[in-house]
4 protein chains.
Amino acid sequence: MENGSSPLLNPRKSPRQERSIATVDAIFEATIQVLSSDGLIGLNTTRVARRAGVSVGTLYQYYPNKQALLFAVLERHLVALAAAIEKACDENLTAKADELAEAVVKAYLRAQMAQAEVSPALYRISLELDARALIDMATRRSVAAIGAALASASDAQFADPHLVAQTLTAALFGTVPAFCHRVLAPADGREAEKQLTIMFRSYLAAHQSGVCGS
Amino acid sequence: MENGSSPLLNPRKSPRQERSIATVDAIFEATIQVLSSDGLIGLNTTRVARRAGVSVGTLYQYYPNKQALLFAVLERHLVALAAAIEKACDENLTAKADELAEAVVKAYLRAQMAQAEVSPALYRISLELDARALIDMATRRSVAAIGAALASASDAQFADPHLVAQTLTAALFGTVPAFCHRVLAPADGREAEKQLTIMFRSYLAAHQSGVCGS
Amino acid sequence: MENGSSPLLNPRKSPRQERSIATVDAIFEATIQVLSSDGLIGLNTTRVARRAGVSVGTLYQYYPNKQALLFAVLERHLVALAAAIEKACDENLTAKADELAEAVVKAYLRAQMAQAEVSPALYRISLELDARALIDMATRRSVAAIGAALASASDAQFADPHLVAQTLTAALFGTVPAFCHRVLAPADGREAEKQLTIMFRSYLAAHQSGVCGS
Amino acid sequence: MENGSSPLLNPRKSPRQERSIATVDAIFEATIQVLSSDGLIGLNTTRVARRAGVSVGTLYQYYPNKQALLFAVLERHLVALAAAIEKACDENLTAKADELAEAVVKAYLRAQMAQAEVSPALYRISLELDARALIDMATRRSVAAIGAALASASDAQFADPHLVAQTLTAALFGTVPAFCHRVLAPADGREAEKQLTIMFRSYLAAHQSGVCGS
DNA sequence: GATGAATGAGGGTTCATTCAT
DNA sequence: GATGAATGAACCCTCATTCAT
């Protein structure tokens, strides 16, 4: 599931490998920094290497090409988002639909905000062709987790939990960037969370109460 | 037929001008085609010119630079979206909130689908720095139109129509791309419309019934 | 001596030709204006045509190419300079060397100042390869005129009037631009004239008094 | 050997740096060669790079753009001229005015001739807009040095040494190019030096003897 | 004659990637 | 392993010149 470019997370063995790990991390962090300060367009391998304090050559020893670098960053972001949603769902497996809605929205926004610096740039990356697999992975995990939570909700029956989960996921992954950066003022994070929660709750309620014919 | 950058919507005068118009249009359409087939990264002025059947020089006679080209395309798209929403709102000024929700969702999705070819690429453009003004324009128009319609809805009172309008706009402009291209399969346009409508309706209902403390 | 591109100065015959003349003049003046305001680098045929109020095509009907345009301007300038010097020399054929020096310096500076706007740009042109013929023409005329005046000066005998004339011409054509635009402040035209006169007078005096062995 | 843009006049350290130095020098020399053979108009970065035996990319690693390249060449030339004049003045601080005149003329011509290949092209560069600072630097140094030497001349008092120094500088920097390349034949270097010296000597004499009213 | 749209070679510049040291 | 100088394809853009109308 990881691509060859992220030798992260593996058990470290020797000092040599430790240094390698440190280097990879430095490059990784430098990428995020450059992304934040110069944007996707201003990002080039030389600049990343310089910011990481290594030479371009070294960069290419750990990441086969520029794409791999960006994928690694995007991957970590999406994995974090998916994990946050899964965690929220797991912790609310038998809760009420209302609570689930609130928990999921909160968890997603927390994770999103934690990387607020990069996320706009990441969305640019994610729209470039080959990131689909990554995005699919994240949304699939989200849909699965939310779907499972909906199916086991203590106070409601959903005719099609999967469809509802899909809609909520789409609203989350799609709405939030627009929410954060365009329509609502930057400081309105609180309000965004509140409104999203209301929207999700009432949407779920509608699905429970048979308002919709499906 | 109309494009934002040509001041030429008037009765044609000379063969000279007709030729110009044809050329601008050809370039404009070529840009959309290249965007669809090669993506934003694969788009370069030479390629656009070739596809338009003109020389690079000609391209630069009508668009001062590459950005201007992309802006023109994006502008047309966003203007179309905003206009569609405004029209839907105007036609439902004194309708019920439910009907408004349905009309807005439908109008937006119609407009979006009409340019389904380009819209993914357009979202890439819109994330590049200087498109903010364009996006702001479109979302402002949407917020204003929806806000006005909510304020004059026949069956409901909204404590803060502007905030609700903002949320709906964010959900529309943010959700739909994700909806259309990632989570739901391409053919699911119908379903997307249905779910979005439910979400909007119930969200509006929640705001009417005082469920939310605001 | 005129090259084919300047049909100026010929007797006009028909209204058609008069219009032509007006057009050539307009283009000619436009060239000077663009040269003054945008410099040699900022000068292109389209801009000149626009400033002249004609189309590029028309421009190319009167001047076969860009070079011809610039040559025409440079030619007029250099012809004016040479004529001014010749006139001053003719009017001082039997005067004293001192008076000749003064008259030549004054005449040259007057002519130069009259076209102060363009002359810096003209010097750029003149340094491009093919202007040598033009410059040679002007300096040859200057050398011939000054040489003749020196040879017939009422108060002095010059061992080699031609050599002296060459030196003075070189000093004139070379010094003045530097004088006007770099070393002396712009307002120092008076002072420049005074110093140049002193230099010329004393140089001539040196040649008369046998200070120099030649 | 020294060029203005390289901060590398220090003891060589690594093969890395030595290679860099060799490359910068190669590019620098190639620029001069191309300038000599193809002129300013025929000079483009590709051609320079090819002549230097490197790729364009390499060229841009050492000079941020084409201008910088030309500036570097012009700067070296002007610095050399200014230095030559300063040296001549320093060595004749308490000499007679006559000797000073001779020394300065000789020094300037020596320096000029040493780079005879490029100087015509350099004068083209120097007329492009942003070279003023460079030229001002050189003429200021010349004026200052000559002024000081005049003020301390053993056999003369000058009412306004600065003005005289300005005039001589203008005559030097302005006359010589015309001298060398236009009016006098190339081989006449000797004669040019002789005449210029006479002109300078007599001009200085005129200022000493009170001929001029200033 | 006049027009100005069209041409396209050519120039400056960038940057992902390689490889000798 | 690390370095960073070198590479060169590719891109954006300009402008002298032509030619159909």
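Lettering follows sequence order; numbering is per chain, from 1.
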According to a strict under-4.0 Å criterion, is B/Y63 in side-chain N/O contact with OP1 or OP2 of F/dC13?
-> no
To the nearest angstrom, the CD1-P distance between C/I41 and E/dG12 comes to 12 Å
Give a yes/no answer on whether the side chain of B/T58 brings an N or O atom under 4.0 Å of OP1 or OP2 in E/dT7.
-> yes
Of the candidate nucleotides F/dC13, E/dT17, F/dT18, which contains the atom at the shortest distance from the side chain of C/Y60?
-> F/dT18
Nearest of E/dA6, F/dT3, F/dC13 to any side-chain atom of A/Q61?
-> F/dT3
DNA chain F: 5'-proximal contact among B/G42 and D/L59 (nearest heavy atom) | D/L59
In whole angstrom, what separates A/L40's CG from E/dC15's P?
-> 12 Å
Starting from P on F/dC11, measure out to CD on B/Q67 and report it in whole angstrom.
-> 17 Å
Residue A/N65, side-chain atoms from C-beta onward, closest of F/dA16, E/dT17, E/dG12 = E/dT17
Between B/L70 and B/L43, is any pair of side-chain heavy atoms under 4.5 Å apart?
-> yes
In terms of the nearest nucleotide of DNA chain E, which residue is placed more toward the 5' end: B/G57 or D/G57?
-> B/G57
How about C/R50 and C/S55: does a side-chain donor come under 3.5 Å of a side-chain acceptor?
-> no
Ignoring backbone atoms, establish whether A/S55 has a side-chain N or O less than 4.0 Å from OP1 or OP2 of F/dT3.
-> yes
Look through every strand shown and name the nucleotide pairing with F/dT21 as Watson-Crick or G-U wobble, where both distances are under 3.5 Å.
-> E/dA2
Which residue, D/L43 or B/V54, contacts DNA chain E at a nucleotide closer to its 5' end, judged by nearest heavy atom?
-> B/V54
Nearest-nucleotide pick for D/T45, side chain only, options being F/dA2, E/dA6, E/dT13 | E/dT13
Could you work out which one of F/dT17, F/dT3, F/dA6 sits closest to the side chain of C/K66?
-> F/dT17
Using atom CZ of A/R47 as one end and atom P of E/dC15 as the other, report the distance to the nearest whole Å.
-> 8 Å
Rounding to a whole Å, what distance do you find between D/L70:CG and E/dG11:P?
-> 14 Å
Grab the CG-P distance between C/N44 and F/dT14 for me, whole Å please.
-> 11 Å
Test item: D/T58 side-chain N/O and D/V54 main-chain N/O as donor-acceptor pair under 3.5 Å = no
Please tell me if the side chains of B/L59 and B/T23 come closer than 4.5 Å, counting only heavy atoms from C-beta onward.
-> no
Calculate the interatomic distance between D/R50 atom CZ and E/dG10 atom C1'; express it in whole Å.
-> 12 Å
Side-chain (C/R51) to main-chain (C/T31) donor-acceptor, under 3.5 angstrom = no
Taking atom CG of A/L134 and atom NE2 of A/H77, what is their separation to the nearest 0.5 Å?
-> 11.0 Å
Value in whole Å for how far the P atom of E/dT17 lies from OH of A/Y62 = 18 Å
Counting side-chain heavy atoms from C-beta on, which of E/dT13, F/dT18, E/dA16 comes nearest to C/V56?
-> F/dT18
